[in-house]
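Structure record follows, encoded as structure tokens.
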Amino acid sequence: MKLSFATPRLFLTLGLLFLGACTKTPEWTLFYYNDMSALPAAQLQTEDIHGYYDTLEQCQRKAQGMQRLRQGDDMGAGVYQCGHLCGLDDKSVLVCKSLSQ
């Protein structure tokens with residue numbers, strides 16, 4: 001069986017598409033504060049990250065689920081914010097393009 005010139009090109013194209021699909025990074029980061037009733041005024045901290053999500057709605061649902069689980073605690077349900085496109089800036093400070101609840 002003889003393979004045509006198009007066959008290697010097809011495999012290469014399919015391989016690149018597959019790899020591209022596997023490297024998609026989530027756009028939303030969940031910051032959850034267990035012991036607070038209001039969002040902190042301090043800058044964002046990596047230890048407050050509780051997951052990464054593809055959509056704002058997924059981030060919000062996870063946070064609301066965490067709040068429901070904590071509602072029976074004496075300390076309250078906690079608060080959250082979802083950050084869009086978060087990362088470290090040139091001074092290694094955690095920043096996000098926007099924050100939502």
Side-chain angles (χ1 to χ4, degrees):
M1 179 170 131
K2 184 177 179 182
L3 295 175
S4 71
F5 178 70
T7 303
R9 196 179 292 180
L10 175 65
F11 285 126
L12 179 61
T13 303
L14 289 175
L16 290 174
L17 286 173
F18 178 75
L19 288 175
C22 292
T23 60
K24 181 180 181 234
T25 57
E27 293 188 11
W28 291 92
T29 303
L30 172 59
F31 296 91
Y32 190 79
Y33 311 94
N34 287 321
D35 304 330
M36 299 186 164
S37 59
L39 291 173
Q43 68 185 18
L44 299 170
Q45 301 294 320
T46 56
E47 59 265 12
D48 296 319
I49 295 175
H50 286 266
Y52 304 95
Y53 303 90
D54 292 328
T55 67
L56 174 59
E57 182 180 61
Q58 289 173 342
C59 182
Q60 291 168 327
R61 284 186 179 176
K62 177 61 177 185
Q64 291 162 359
M66 292 173 74
Q67 286 178 322
R68 277 193 299 278
L69 289 173
R70 287 190 49 95
Q71 281 179 346
D73 292 352
D74 293 335
M75 300 174 80
V79 294
Y80 72 92
Q81 54 190 345
C82 295
H84 188 238
L85 300 174
C86 301
L88 297 174
D89 68 7
D90 58 348
K91 296 178 183 167
S92 297
V93 175
L94 186 57
V95 296
C96 300
K97 297 275 183 191
S98 65
L99 294 167
S100 300
Q101 275 192 303

### For Y32 against G78, the heavy-atom pair lying closest together
OH-CA, 3.9 Å
### Task
Compare every heavy atom of Q67 with every heavy atom of V79, then report the nearest pair and how far apart it is.
CA-NE2, 3.9 Å
### Minimum-distance pair of heavy atoms, taken over all atoms of I49 and L94
CD1-CD2, 4.2 Å
### Query
Restricting to pairs with a member in residues 84-101, which pass side chain to side chain donor-acceptor pair (under 3.5 Å), not counting sequence neighbours?
E27-H84
### Task
Check whether M66 and Y33 end up in the same hydrophobic cluster, where Ile, Leu, Val, Met, Phe, Trp and Tyr are linked by side-chain heavy atoms less than 4.5 Å apart.
no
#### Entry: Residue pair Q60 / Y53, side-chain donor-acceptor N/O under 3.5 Å
no
### Task
To the nearest 0.5 angstrom, please state how far the NE2 atom of H50 sits from the CG atom of N34.
5.5 Å
### Query
So if you build clusters from Ile, Leu, Val, Met, Phe, Trp, Tyr with side-chain heavy-atom gaps below 4.5 Å, do W28 and Y80 land together?
yes
### Summary
Note: L44 and C96 closest approach over all heavy atoms is CD1-SG, 3.5 Å
### Message
Tell me the closest heavy-atom pair linking D54 and P26, and the distance in Å.
### Response
OD1-CA, 3.7 Å
### Task
Determine the minimum heavy-atom distance between C82 and L30, stating which atoms define it.
SG-CD1, 4.3 Å
### Message
Between V93 and F31, is there shared hydrophobic-cluster membership here, with clusters defined by ILVMFWY side-chain heavy atoms closer than 4.5 Å?
### Response
no
